[in-house]
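Order of appearance sets the numbers: ligands from 1, and atoms from 1 within every ligand. Any value given below was found using the heavy atoms of this structure, including those in side chains, with hydrogens, waters and symmetry copies removed.
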Amino acid sequence: MAGKPVIGVLALQGCVDRHQPHIEAAGGVFRAVKTAEEINSVDAFILPGGESTTMLKLIDVFGLWDVLAKNFAAKPVWGICAGSILMADKVWVDEAKTKTQKSFGLIPVEIVRNGYGRQRDSHIGKVDGYDVSFIRAPVVTGIADTVEVLAQEGDVPVWLRYGKNHLTSFHAELNLDAPSPMHRLFVESVLDGTQKQRA
Ligand code: GLN
């Protein structure tokens, strides 16, 4: 990586462009990625918020599962809301925990989709004094001891770190005050990781 880290935002579906000002203000380069070639060319990934079932469908239709899994094993990944659902080890589709959904298993947490309820239960929350948006968000219902909790809302962990990977059940990119603390930490940790690898 020469200079600034290139952060690829997976651009199959969901909230992609709003990450650009945050990534740039945090010292990174924004790139929307959707082909294998683009995916292979970036230093780290943001899996954006949107609709995880649609994203899974498009990953399948475009045959991107293997190239994504290979890249995710080697590079930092930050999953946001639907993106966090794609990352989790275990995903429950319903609160009764009867049905699971396929995921990349990049962080040892258990998550329940739409766990806060319906669209009208979406809300703005404060994390580190910064306004973030929970939009039909998942609820993290279990985490391994090895996962670091960076923030909770009540008893529920909402911002997590596991080695190179980050997870937020909320959107940070909708706040116009850039960079968000989450983008700043992610871009910094991508830089740190690279420097450590080089050393
Ligand atoms: N409810 C969506 C899902 O299950 C996530 C919503 C979001 O990303 N804002 O995929």
Out of all atoms in ligand 1, which are within 4.0 Å of some heavy atom of [X]? Include the element for each.
X: S52; answer: 3 (C), 4 (O), 10 (O)
X: H171; answer: 7 (C), 8 (O), 9 (N)
X: G49; answer: 8 (O)
X: I135; answer: 6 (C), 7 (C), 9 (N)
X: I85; answer: 3 (C), 4 (O), 10 (O)

### I46: which of V33, I23, V16 passes side chain to side chain contact (heavy atoms under 4.5 Å, CB included)
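So the option named by the test is I23.
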
### Message
For T53, run the side chain to side chain contact (heavy atoms under 4.5 Å, CB included) check against E51, M55, K57 and tell me which one passes.
### Response
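With T53 as partner, E51, M55, K57 yield a single side chain to side chain contact (heavy atoms under 4.5 Å, CB included), made by E51.
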
### Task
May I ask you to test the L10-F45 pair for a side-chain heavy-atom distance under 4.5 Å?
no

### Message
Once you measure the plane-to-plane angle for F134 and H123, does it fall in the parallel (<30°), tilted (30-60°) or perpendicular (>60°) bin?
### Response
parallel

Note the single closest protein heavy atom to [atom], along with its residue, its atom name and the distance in Å.
atom: atom 4 (O) of ligand 1; answer: R113 NE, 2.6 Å
atom: atom 7 (C) of ligand 1; answer: C81 SG, 2.8 Å
atom: atom 5 (C) of ligand 1; answer: G50 O, 3.3 Å
atom: atom 1 (N) of ligand 1; answer: N114 OD1, 2.6 Å

### Query
Between K164 and W78, is NZ or CZ placed under 6.0 angstrom from the six-membered ring centre and within 45° of the ring axis?
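Cation-pi check for K164 and W78: fails.
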
### Centroid-centroid distance, W159 to H166, less than 6.0 Å
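No - the distance between ring centres of W159 and H166 does not fall below the 6.0 Å cut-off.
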
### Query
Taking N or O atoms only and a 3.5 Å limit, does I80 qualify as a polar contact for ligand 1?
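It does not: no N or O of I80 is found under 3.5 Å from an N or O of ligand 1.
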
### Query
Does a sphere of radius 6.0 Å around CZ in F72 hold more than 12 heavy atoms from other residues, nucleotides or ligands, not counting ones at 6.0 Å or beyond?
yes

